[in-house]
Structure formats: C-alpha cells, structure tokens
**Student:** 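This is the structure I want to talk about, given as structure tokens.
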2 protein chains.
Amino acid sequence: MATIYQVSERAGVSLATVSRVMNGSAKVGEATRTKVLKAMQELNYRPNSIAQSLASNCSNSVGMLVSEVHGPFFGEMMSGVENELRSVGKHVIIAAGHSDVASEKDAIEFLISRKCDALILHVDAVTDEYLLELHKQTPVVVLNRLVKGMEENCICLNNELGGYLATKAMLELGHKQIAYISGPLFKLDVRDRLAGHQRALQEAGLVFDPGLFMEGDFHEAGGVAAMEKLLARGRSFSAVVCANDEMACGAMNCARDNRLEIPKDLSIMGFDNVIMSRYTFPHLSTIDFPAGEMGRMAARWVRKHIYQDDKLKVQNLFEPSLVLRDSALPVSA
Amino acid sequence: MATIYQVSERAGVSLATVSRVMNGSAKVGEATRTKVLKAMQELNYRPNSIAQSLASNCSNSVGMLVSEVHGPFFGEMMSGVENELRSVGKHVIIAAGHSDVASEKDAIEFLISRKCDALILHVDAVTDEYLLELHKQTPVVVLNRLVKGMEENCICLNNELGGYLATKAMLELGHKQIAYISGPLFKLDVRDRLAGHQRALQEAGLVFDPGLFMEGDFHEAGGVAAMEKLLARGRSFSAVVCANDEMACGAMNCARDNRLEIPKDLSIMGFDNVIMSRYTFPHLSTIDFPAGEMGRMAARWVRKHIYQDDKLKVQNLFEPSLVLRDSALPVSA
DNA sequence: GCTAATAATGTAAGCGCTTTCACAAATGTT
DNA sequence: AACATTTGTGAAAGCGCTTACATTATTAGC
C-alpha cells in the first residue's frame with residue numbers, strides 16, 4: 001500500500017503538500033494539486049486512517065453502546081447512526097452492555113480506550129451520576145434517557161405522551177375498563193409511560209385501578225404471565241394496553257388461549273412499533289417509537305458538536321405517534 | 001491522559017520496558033514489572049490504541065459488512081461477532097451494503113481504508129470474482145455464501161438441506177400437494193433451498209409441479225402476492241413452504257383473508273426462524289438458521305487466522321434444523 | 001524600483017506506541 | 001577462572017500522517 005511519502009515523491013512535492021490537497025486544509029496551487037491528484041490515482045493511494053488519527057488526535061470513529069446488539073430497536077437505531085455517520089466518512093464501533101452495570105462500564109472503558117471521538121449510549125444499568133461524570137471526560141450522547149444536568153446530550157422520546165396516546169386511543173374507542181401491563185418499574189421510561197396512561201385515565205374522569213395493573217418484564221413470557229394473572233383476578237376489562245409490543249404479543253396469545261377473541265372480546269395496544277407488530281395476528285395497534293430517527297439524530301449531534309458541522313440542527317425530544325391496526329376495536333355492547 | 005512516557009518516568013524505567021510489561025512480549029524482572037504496574041495504576045494509564053495500531057501495524061479491529069443493519073439476521077449475526085471479538089479486546093466496525101454493488105464496494109473500500117485486520121462480509125450484490133480478488137488483498141470471511149476458490153473463508157448454511165427438511169416435514173405430515181414460494185432466484189441460497197425442496201419431493205416419489213411454484217421477494221408483501229396468485233390458479237394444495245419467514249407471514253395473512261384457517265385448512269412452513277416467527281399466530285413452523293452461531297464462527301475464524309489463536313476450531317458448514325410450531329398440521333382428510 | 005504583503009511550498013518536529021539491536025549483569029559450564 | 005549463555009534493560013529508529021514554522025515566489029502599493 002502506497003504511503004503519502006511515495007505520493008509526494010512521484011508528484012515531486014513535499015509530504016505537507018500532499019497532506020494539504022487531501023485535507024484541503026490550506027491553499028495549494030492548481031497545477032500542484034493536479035499533479036498530486038494524478039500521483040495518488042496512479043498509486044491507488046488510500047490514506048492510512050490510523051496514522052491520520054494519531055497525528056490529528058481524532059479517530060474519526062464513534063462508539064455506540066446498546067443493551068443488546070440483537071435487541072428490538074437496536075437494528076433501527078444502529079442503522080440510523082451508521083447511515084448518518086458513514087456519509088461523512090466516520091465509522092461506528094459497536095458494543096453491547098447487556099443491561100448490566102459492570103458490563104456497561106466495561107464496554108464504555110473499551111470504547112474510550114479505542115479513542116472514539118464521541119460515545120452514543122443506549123444504556124440502562126449505570127446511574128445518572130456515572131453518566132454525568134463520564135460526560136465531563138468525553139463527549140457523550142445518551143439515547144432514550146433524560147439525564148438531569150446534561151439535557152442537551154440526551155435524545156429522548158416523550159414516553160409520557162406515548163403512554164397517554166395509547167390509553168387515549170382506547171378511551172376514544174369507548175373502552176372504560178382498561179388494564180395496563182407495564183415494563184419493569186425501575187426504568188424511567190417505564191414510569192413515564194405509566195404516568196401517561198394515568199393522565200389519560202384522569203382526563204377521562206376515570207380513576208387508575210391497581211386491580212387492572214400488572215408489572216411485566218418487557219418480554220413475551222412476561223406478557224403472558226401478566227395477562228394470566230389479570231384474567232385470574234376475575235375483574236372485567238375490555239382493553240389492555242401494554243408498555244411494549246413483545247408483552248402485547250404475549251398478552252394476545254394468552255388471551256386467545258383463554259378463548260378470548262381479539263379484537264372482538266378484547267382490544268390490545270402495544271408500544272414501540274417494532275417490525276414484528278406488523279406481522280402478528282391480528283396486526284398490533286401500537287405507539288410508534290422512531291428509533292431510527294433518534295439514532296440518526298444522535299449521530300447528527302455528534303456531527304454538529306464534534307465534527308463541527310455547525311449548521312446542523314438537533315432535536316432532543318421526539319414525539320411518539322399512534323399506529324392503529326387491527327388489534328383494537330370499539331368496545332362491543 | 002497519561003502516556004507510556006509518563007509511566008516510564010514515574011517507574012524509573014525505559015519506554016521499552018513499559019511496553020514489554022503491557023504486552024508480555026519479553027521477559028521483565030519481577031521487581032520492575034511491579035514498579036511499572038504500580039505507576040500505571042497511579043496514573044490511571046490506558047494505552048492509546050491508535051498509537052499501538054500504527055506502531056504494530058495491527059488495528060485490532062475487524063470490519064463487518066451486512067446487507068442491512070436492521071435486517072432480520074443482522075442483529076443475531078452481529079451479536080455473535082461482537083461477543084466473540086470483544087472478549088479478546090478487538091472491536092468491530094460496521095457498515096451496510098444495501099444489496100447494491102456500488103454501495104457494497106464502497107463500504108468495503110471504507111473498511112479497508114480503516115485498516116481493519118479482517119473483513120466479515122455478508123453481501124449479495126458483488127460477484128464471486130470480486131470477492132476472490134479482494135481475498136488476495138486482505139483477509140476476508142464470507143457469511144452465508146460459498147465462493148469457489150476460497151471455501152475455507154466461507155461460513156455457510158446447508159441451504160439445500162434446509163429446503164429438504166422443510167418439505168420433508170410437510171410430507172411426513174401427509175401432505176402431497178405442497179406449494180412453494182421461493183426467494184429471488186438470482187440468489188444462490190434461494191436456488192439451494194429450492195433444490196432441497198425438489199429433492200424431498202422426488203424422494204417421496206412426487207414430481208415438482210411448476211403450477212404450485214411462485215418466485216417471491218423475501219418480503220411480506222411478496223408472500224401475500226405469491227399466495228394470492230397461487231390461490232388464483234385454482235389448484236388445490238394443503239401446504240405451502242416458503243423460503244423465508246417474512247413471506248410465510250404474508251402467505252398466512254393472505255390465506256386467512258381468503259377464509260382459509262391455518263393450520264386447519266392450510267399448513268405453512270417458513271425458513272430462518274427469525275424472532276418474529278415466535279410471535280405470529282399461529283406460531284410459525286420453520287427451519288432454524290443459526291445466524292448467531294455463524295456470526296460467532298466468522299469471528300472465530302478471524303481470531304484463529306488473524307490473531308493467531310491457533311487452537312480454535314472453525315466450522316465452515318452449518319446444518320439447519322426443523323422447528324415445529326403451530327402453523328403445520330397433519331393433512332386433514 | 002523598492003518594500004510590504006500575500007500566496008504557495010518545504011522542513012521538521014511530533015502523535016504514542018512497538019521493536020530491533022546493543023549491552024550489561026547474572027548465571028551456567030568446564 | 002575463563003568463557004558461553006541467558007536474562008533484563010535501554011537507546012533509538014520507525015509507523016504514516018498533521019501542522020507549526022520557515023522559506024521562497026509572487027503580487028501590490030507607492
């Protein structure tokens with residue numbers, strides 16, 4: 001592989017000049033530029049990005065940490081990030097945190113030692129304090145989590161609004177007895193979604209009934225289990241809104257196993273609008289989570305603040321929206 | 001951030017010695033080693049991996065190119081690769097090829113300029129010749145595609161066997177009239193799956209009937225369209241095997257829209273065992289595609305051949321397996 | 001026509017490591 | 001006791017770039 005030195009030799013100029021035509025960092029005469037370009041071409045020269053990084057103290061790479069590489073949104077988010085970044089010649093290094101404190105910290109250390117210019121984090125185990133501290137050391141953007149003191153670095157979804165919209169949709173279909181299966185309550189977004197649910201109820205003059213509430217685990221099995229318990233309580237309800245699509249699937253399957261027809265006997269609402277929701281039977285009504293857009297925005301944040309792409313605008317808060325499909329119907333009778 | 005120089009100063013030894021204790025590349029006296037380790041600790045030293053890469057001519061990174069970052073197997077494959085590689089301190093840089101020749105080549109160029117120690121490719125647009133050529137220039141492992149002349153570098157699934165197993169399962173349930181919805185025939189794996197289907201038919205003494213065959217596009221809509229046409233032909237069949245799960249979903253939905261009950265009136269088989277197949281109604285019977293394992297194996301290939309982890313064994317051919325769920329039933333009457 | 005800017009290019013000092021080579025000290029061999 | 005090994009360490013030359021800073025060529029100003 002040719003080096004910058006060989007190019008300079010062939011073009012009959014100095015190293016510095018070659019570097020200058022590569023980076024456009026200073027004026028170069030038209031004739032020289034052409035000579036250099038020609039030499040590059042002939043040698044099929046490709047700059048060694050490692051050397052560039054070392055010399056410029058900029059690795060042109062950003063680290064992305066997600067809970068699970070094969071998790072439901074990851075693909076979408078990742079895709080947004082990759083697209084946005086590669087279009088400007090930066091690359092993304094990925095790592096998984098497995099929702100475990102030690103593992104997340106470990107991955108972050110790894111990314112830092114890799115000299116990433118910035119970190120895009122989708123984490124849920126480490127504390128806010130840790131993130132705040134990290135933020136002082138290295139540029140960080142946090143996805144789907146609002147950390148007090150670094151709001152500018154967070155790209156979030158308005159989860160409260162999502163929860164609100166989900167329940168509101170059911171209310172508008174005439175449902176009055178609405179069960180709610182939440183995610184693990186230690187997560188902030190889970191509590192926000194629940195708060196939205198409660199607000200919708202309240203606005204409709206309904207009171208939140210703990211008897212129609214279950215804490216789930218965001219997995220299908222958790223949805224099944226929650227539904228099972230809900231049914232076992234013998235309370236009547238015509239709709240159930242779930243804090244994510246997986247649990248909604250579980251709930252649907254469980255309901256069906258209990259001879260309830262969906263949506264005739266029971267309406268179901270999910271959350272996230274993961275790919276799968278388009279394939280279930282019946283197709284799941286859900287709340288769209290613009291994961292791809294948010295990933296793209298995180299990347300844009302990095303472009304703007306780290307790579308000085310000043311005119312870029314970044315949007316910190318995203319709005320969820322309702323996706324009505326077949327799993328929810330007006331209350332019958 | 002501390003440099004190796006500061007560590008050496010503090011420990012009262014030379015740069016070289018510090019480097020040696022870091023890499024274990026040569027013997028260092030016990031006392032010195034302790035001194036150095038202590039100095040590192042005190043300075044919270046973290047080697048600059050960029051500098052290491054430049055000096056050692058090894059970037060400790062491997063590039064991974066996939067069709068779509070948010071594609072169906074990508075998450076699984078990626079996850080396998082990331083796991084295997086990060087456990088040994090290497091990182092993975094990702095890029096998407098979008099099944100387009102120019103885009104794939106572009107991404108490969110990008111990865112190469114990034115000095116990846118090896119490339120893991122999941123591509124379908126570039127030609128075998130191109131891959132062969134690339135293989136001469138830089139270490140490459142190809143996923144899910146057998147390239148003649150570099151078989152050792154390919155990690156494949158026995159697609160023919162998969163196709164065979166899918167149809168065989170239907171035959172064993174007593175089905176005699178089995179429709180087949182394939183993927184785009186320009187893809188090798190698609191043709192292999194079809195060949196397996198035909199072999200199963202043949203072994204059962206049945207002849208392949210073009211009237212029960214449709215070429216699809218691997219997407220849900222394609223499954224719907226194919227099913228529609230199949231139905232429109234007015235031919236009778238009691239089972240349909242699809243070349244992937246998405247199309248199987250489409251086919252199921254379409255069949256249902258045409259008042260066919262699944263699996264009572266029609267049995268359906270998918271291929272790939274993507275996450276989604278566990279959530280459909282009824283749960284989809286399918287052929288398991290061990291994407292995660294294959295990704296892991298690709299990473300292991302790299303560890304073995306590039307990072308000299310000699311005792312590692314790599315398996316080039318993977319066997320698919322049947323996953324029977326609810327969408328296939330013995331033929332009724 | 002002479003000085004002061006300005007533009008274009010070259011020189012060389014790093015960036016933070018690895019690694020070869022040389023050398024001194026410790027150990028083993030007869 | 002003389003020599004050959006082995007072991008531990010340091011000096012220094014890169015790796016392929018970027019980027020002050022220095023230098024020369026060009027143009028402008030008067």
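Worth knowing before you read on, the calculation uses all heavy atoms, side chains too, and leaves out hydrogens, waters and symmetry mates. Lettering follows sequence order; numbering is per chain, from 1.
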**Student:** State, with a plain yes or no, whether a side-chain heavy atom of A:His305 is found less than 4.5 Å away from one of A:Asn153.
**Tutor:** no
**Student:** Identify which nucleotide among D:dT19, D:dC15, C:dC21 has an atom closest to any side-chain atom of A:Ala16, counting heavy atoms from C-beta outward.
**Tutor:** D:dT19
**Student:** So B:Thr32, base contact, sugar-phosphate only, or nothing? Heavy-atom distance under 4.0 Å.
**Tutor:** sugar-phosphate
**Student:** B:Asn60 CG to C:dT18 P: how many Å, rounded?
**Tutor:** 10 Å
**Student:** Between D:dA11 atom P and B:Glu9 atom CD, what is the distance in whole Å?
**Tutor:** 13 Å
**Student:** Which of parallel (below 30°), tilted (30 to 60°) and perpendicular (above 60°) describes B:Phe74 and A:Phe74?
**Tutor:** parallel
**Student:** Rounded to whole angstroms, how far apart are CG on A:Leu15 and C1' on D:dC21?
**Tutor:** 16 Å
**Student:** Figure out the NZ/C1' separation between A:Lys27 and C:dT9, and round it to whole Å.
**Tutor:** 14 Å
**Student:** Check this for me: does the side-chain of B:Arg33 come within 3.5 Å of the base of D:dG8 through a donor and an acceptor?
**Tutor:** no
**Student:** Check the distance between C:dA12's C1' and A:Ile4's CD1 and give it to me in whole angstrom.
**Tutor:** 14 Å
**Student:** Does D:dA11 have its OP1 or OP2 closer than 4.0 Å to a side-chain nitrogen or oxygen of B:Ser14?
**Tutor:** no
**Student:** Checking all strands, does B:Thr3 fall into the base, sugar-phosphate, or nothing category for heavy-atom contacts under 4.0 angstrom?
**Tutor:** sugar-phosphate
**Student:** Is there a side-chain contact between B:Asn57 and the phosphate of C:dT18, meaning an N or O under 4.0 Å from OP1 or OP2?
**Tutor:** no
**Student:** Is it the case that more than 12 heavy atoms not belonging to A:Asp309 sit under 6.0 Å from its CG atom?
**Tutor:** yes
**Student:** Can you check the A:Leu54 CG to C:dG16 P distance for me, whole Å?
**Tutor:** 7 Å
**Student:** It should be established whether B:Ser19 places a side-chain nitrogen or oxygen under 4.0 Å from OP1 or OP2 of nucleotide C:dT18.
**Tutor:** yes
**Student:** Could you tell me how far apart A:Tyr5 (OH) and C:dA12 (P) are, to the nearest whole angstrom?
**Tutor:** 13 Å
**Student:** Less than 4.5 Å apart, side chain to side chain, heavy atoms only: is that true for A:Met1 and A:Tyr45?
**Tutor:** no
**Student:** Between A:Ser56 and D:dT18, does any side-chain N or O lie under 4.0 Å from OP1 or OP2?
**Tutor:** no
**Student:** Output the rounded distance in Å from CZ (A:Arg20) to C1' (C:dT11).
**Tutor:** 10 Å
**Student:** Checking contacts here: which listed nucleotide (D:dG10, C:dT9, D:dT19) is nearest the side-chain heavy atoms of A:Val28?
**Tutor:** C:dT9
**Student:** Is there a donor in the side chain of B:Asp117 and an acceptor in the side chain of B:Tyr307, or the other way round, less than 3.5 Å apart?
**Tutor:** yes
**Student:** Report yes if at least one side-chain N or O of B:Thr17 is closer than 4.0 Å to OP1 or OP2 of D:dT9; otherwise report no.
**Tutor:** no
**Student:** Indicate, with a heavy-atom threshold strictly under 4.0 Å, whether A:Asn48 touches base, sugar-phosphate, or nothing.
**Tutor:** sugar-phosphate
